[in-house]
Amino acid sequence: MNANKKVALTLPDGSVREFDGPVTGMTLAQDIGPGLAKAALVIVVNGEQWDLSREITTNSDVSIITNRDDEALEIIRHDAAHILAEAVKELWPDTQVTIGPAIENGFYYDFAREEPFTPEDLETIEKRMRQIVERNEEIIRTEMPRDEAFDFFRSQGEEYKAEIIASIPSNEPITLYKQGEFIDLCRGPHLPSTKYLGSDTFKLMNVAGAYWRGDSNNEMLQRIYGTAWRTKKELKAYLLRLEEAEKRDHRKLGKELDLFHFQEEAAGMPFWHPNGWTIYTQIEGYMRRKQREYGYREINTPKLVDRKLWEVSGHWDKFREHMYTTESDECVFALKPMNCPCHVQVFNQGLVSYRDLPMRLAEFGSCHRYEPSGALHGLMRVRSFVQDDAHIFCEKDKITEETEIFCKMLLEVYKDFGFEDVKVKFSDRPEVRAGSDEVWDEAEKHLRDAIEHAGLKYTANPGEGAFYGPKIEFVLTDAIGRDWQCGTLQVDFITPERLNANYVGVDNKKHHPVMLHRAILGSFERFIGILIENHAGRFPMWLAPKQVVVTGITADQDDYVKEVYKKLSDAGLRADIDLRNEKINYKVREHSHAKVPAIFVAGGREAENNTITVRRLGSKNQETLDLMDAINTLVTESIDPDKR
RNA sequence: GCCGCUAUAGCUCAGUGGUAGAGCGCACCCUUGGUAAGGGUGAGGUCGCGUGUUCGAAUCACGCUGGCAGCACCA
C-alpha cells in the first residue's frame, strides 16, 4: 500500500481532515476529540461500514457511528450473536457454529449439536456471555485466502462454516473475526472489543429449531434467540413491551372473555361462544350493509363440491394436499378452500351482457384448508374460516375504476374499525406466470393508476404477484404498532378463461371478463383476533358482546334493577342483570374484569329518584344521571359506525 | 410437516413410583354491604389417549393426539 500517500477524509459536515498516510477510524475519532473516540463504534467509509481498526488508505467520505445512532443497534446485536457463539463454543467445544445475524429487536445464532439446549443451558450461556463482555476481548479483523480459510474451518470441525465459504462469490474477500480464542467467519463490521456490548443490555430469550439455510429439506439446527439494546433502559422497555403484548394475546383473552374455544376433535377450527359470536355477527351485519352500499350482491355457494370442479379450476393439481375430502356415492368431494370457482358458477348461469358488468358477487364464504399442524395459531391461522370474499367480474378497461372504488370502501371499513394507518403493498409479475407480457403490462398499469388515484402510498413487492395476475395487499397497524396484512385485491385473467366465464360484448361476441378477487377483513376469525389484540379485549360499544350490566347495592333495589334492565333491553342494548347476593365492590370488580363498557348501579337513592349511577370501564369515578339520559347516551354510543 | 418444550378440577397452577392438592370459580347458608375480592359449609378429577416397565404408574419408557416457541408453509 502507499504508506506515504496522504489521505483526506471528508466528514458529514463537509470538513476535511488530512493524514500523512493510512489512518484507522479510531485514529480519526481521537483526532476529532476524546469524547467521540470513546463513543465511536464503527466508521462508515464511502457508504460502507468498517471496523474502527481498519486502515483507510484512500481519500474518502466518512462518518462515525456512535452508541447514539440507530445503526448502532444492528452492530451491537451482531456482536452479541458472536459473543453468544463464543460462549457456546467455550462451554461445549463440540458444537458447530453456523450463522448468527442481527434481527429485529435482537439476534440469534444457529448451532449444530446433538443434544438439545435446555432453559438451564441458556442461563449458563448468558452468564458466560457476561464474562466474555467483562474480559473485554479485542475484536480483530483479518482477511484470509479462501482455500486457507476453508481448510482452517474444516480443521476446526466447522463443516457448516466451510460450506458457507464455498458459497461466497470468489471475488469477495474472506474475512475472519477473532475475539479471545474464538474465530468466526464474518463480513463484519464489529465493535472494537467485547466490552462495548454492555453486560446488562442483552438477554437470551429462547431456543427453537431452524432449518439449515432455511430449507425444510435440510437438517434442523438449534437456534438461540436473544435481544440486545444500547442501554439497560432500552432493554427493560422492550421486555415490558413483550409483557404488554402477552396481556393482549387473543387466545388468552378469548378464554377470559368467553369468546371462543378450540378442542382436539377439531384442531384449528374455532367453536364460537355467545360472546364471540355476538362480535362476529355485528361485524358480519356491518360488512353486509357496506357491501350493499357499494353495489355488491350477496350469494352463498356450497361448501362441499365434487373434485371435478377442482380439477378444472386447477386446485386439485396444486393444492390437493391442503384440501379436505370426503367420499359419497363413489364421488370424491372436497371442502372448498376458496370461493372463486363457485362464484364463477353463479356468474355462468344464464347469459351475461356487457350491460350487466361490473358484476360484484359477495359471499361470506366458509372455507376449509388443511394447514400444517405447526402453522396453527389461535384465530390467526385456522383450518376453517370465513372470508369476506367477493369477485368483481368486469371488462378490462374497468380495472382502474373498480380498484379505486374498492380502495375507498376498504379505507372506510378500516377507519370504522379504528384503523387509520394503512399501508399498501403492490406485487407485480412473478417469474412463473400465465398470460402474455402485454396483458401483464396493462393489468399492472391499471392497478398502479388506481392506487395513485385513491391517494394511497405503496411499496413495491417485486415478483410477488399471483401466477394469474398482479395484486395489492393492505396492511393495517394496530394500537401497539404491529402490522397485520388483511385486505387484498388480485387481478385474474386466467380463472374466467379456465372456467369458461363469458359475457356478450358490444360487438355481440363472447369475451372473458376480468375477475378481481378481493377481501377487506381477510377472514372473520383472524380479523376478530386482531381486534381483540388491538383493543386488548376492551371492545368499542358497537362490538362489545355485553354493553352494560345493571346491578343494585342491596336486594331492596331488585325491583328497580329489573325495571332498568328491561328499559336497557327495550332500547336495544345488549344488557345483563346482576342480582347476586354480593357486595358492590365484588360485582364491580368482576364486571370490570369481564371488560363490560358500562356498569349501571342502583341504590336506594337512585330507585327513589329514577336515576342511575354509571361507572364506565377504565374509569375509577362514577356519576349519577337521569335514567333515560343515561340509557340514551349508551344507545347513541352503540350505533354502528356506518349508521352514524 | 420439522426441532424442542408441554398436557393434573370450569380457570390458574402445585405434586413426580405407594390410594390426588391449593387459590379462584361453582352450589348452599350467614351477611344487605355505595363502586376492583365479607364469612362459613360443600360438590367437583379414570392426572390428554394407548402400550409397556413395575408388586404398584398421574409420576418412568415408547407411540399417538392436542397445545406452546420457532423453522418451513400460508393458493
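Residue numbers start from 1 in every chain, and the chains themselves are labelled A, B, ... in the order their sequence lines are given, proteins ahead of strands.
- No engagement by Tyr108(A) is indicated, since no non-hydrogen atom pair under 4.0 Å with the nucleic acid exists.
- Across rG34(B), rU35(B), rA75(B), the shortest atom-to-atom separation from the side chain of Glu606(A) is found for rG34(B).
- Of all nucleotides listed (rG38(B), rG34(B), rG66(B)), rG38(B) comes nearest to the side chain of Glu582(A).
- Annotation: Phe524(A) is not in aromatic contact with Trp272(A) [ring centroid separation under 6.0 Å not met].
- The side chain of Met220(A) has rC71(B) as its nearest neighbour among rC26(B), rC71(B), rU35(B).
- Phe271(A) places its CZ atom 17 Å from the P atom of rG10(B), with the value rounded to the nearest Å.
- Within the shown strands, rA27(B) is the pairing partner of rU41(B) under the Watson-Crick or G-U definition, both distances less than 3.5 Å.
- Residue contacts shown for Val207(A) are absent, as no nucleic acid heavy atom lies under 4.0 Å away.
- Using a 4.0 Å heavy-atom distance criterion, Pro119(A) is classed as making no nucleic acid contact.
- By the 6.0 Å contact criterion, CD on Glu265(A) is enclosed, its count of non-hydrogen atoms from other residues, nucleotides or ligands being greater than 12.
- Residue Tyr370(A) places at least one side-chain N or O under 4.0 Å from the OP1 or OP2 atom of rG1(B).
- Between rG67(B), rU35(B), rC71(B), one nucleotide has an atom nearer to the side chain of Arg223(A) than all others, and that is rC71(B).
- With rC73(B), rU35(B), rC71(B) as the choices, the nucleotide that has an atom nearest any side-chain atom of Arg381(A) turns out to be rC73(B).
- Summarising the geometry, the separation between NE2 on His322(A) and P on rC74(B) is reported as 7 Å, rounded to the nearest angstrom.
- Inspection of the Asp121(A) and Thr118(A) side chains reveals an N or O donor paired with an N or O acceptor under 3.5 Å.
- Within 6.0 Å of CD on Glu115(A) lie no more than 12 heavy atoms contributed by other residues, nucleotides or ligands.
- If you check every strand for non-hydrogen atoms under 4.0 Å, Arg580(A) touches sugar and phosphate atoms only.
- Taking atom C1' in both rU6(B) and rC13(B), one finds a spacing of 14 Å when rounded to whole Å.
- In this structure, Arg251(A) reaches the rC68(B) phosphate: one of its side-chain N or O atoms is under 4.0 Å from OP1 or OP2.
- The pairing partner recorded for rA61(B) is rU51(B), the criterion being a Watson-Crick or G-U wobble arrangement whose two distances lie under 3.5 angstrom.
- The side chain of Tyr211(A) lies closest to rC71(B), out of rA75(B), rC71(B), rG66(B).
- Within the nucleic acid shown, Lys255(A) comes within 4.0 Å of sugar-phosphate atoms alone, with no base atom in reach, counting heavy atoms only.
- Side chain Arg615(A) to base rA36(B): a donor-acceptor pair is found below 3.5 Å.
- Out of rG70(B), rG34(B), rG25(B), the shortest distance to the side chain of Ala208(A) is found at rG70(B).
- When the C1' atom is used for both rA57(B) and rU8(B), the distance is 14 Å, rounded to whole Å.
- Considering only the side chain of Arg369(A), rA75(B) comes nearest among rU32(B), rA75(B), rU35(B).
- Each of Arg518(A), Glu363(A), Arg360(A), His343(A) was checked for a side chain to side chain donor-acceptor pair (under 3.5 Å) with His391(A), and the lone residue meeting it is His343(A).
- Out of rG38(B), rG66(B), rC73(B), the shortest distance to the side chain of Pro372(A) is found at rC73(B).
- Lys583(A) comes within contact range of at least one nucleobase, with a heavy-atom separation under 4.0 Å.
- Annotation: rC29(B) and rA43(B) have their C1' atoms spaced 14 Å apart (nearest Å).
- In terms of phosphate contacts, His377(A) brings a side-chain nitrogen or oxygen within less than 4.0 Å of OP1 or OP2 of rA69(B).
- Within 4.0 Å of Ser216(A), counting heavy atoms only, lie sugar-phosphate atoms of the nucleic acid but no base atom.
- Residue-environment remark: NZ (Lys252(A)) exceeds the threshold of 12 foreign heavy atoms within 6.0 Å.
- For the C1' atom pair drawn from rU51(B) and rU12(B), the interatomic distance equals 32 Å after rounding to whole Å.
- If you measure from atom OH of Tyr586(A) to atom P of rU32(B), you get 18 Å, rounded to the nearest angstrom.
- Distances were taken from every side-chain heavy atom of Ile584(A) (C-beta onward) to each of rG48(B), rC74(B), rU35(B); the shortest belongs to rU35(B).
- Backbone-only engagement by Gly214(A) is indicated by non-hydrogen atom pairs under 4.0 Å involving sugar-phosphate atoms exclusively.
- Under the 6.0 Å cut-off for aromatic ring centres, Phe111(A) and Tyr109(A) qualify, their centroids lying closer than that.
- Nucleotides rA58(B) and rA9(B) have their C1' atoms positioned 14 Å apart, rounded to a whole Å.
- In this structure, CG of Leu221(A) is placed 12 Å from P of rA72(B), rounded to the nearest angstrom.
- Put simply, the side chain of Thr118(A) and the base of rG4(B) share no donor and acceptor less than 3.5 Å apart.
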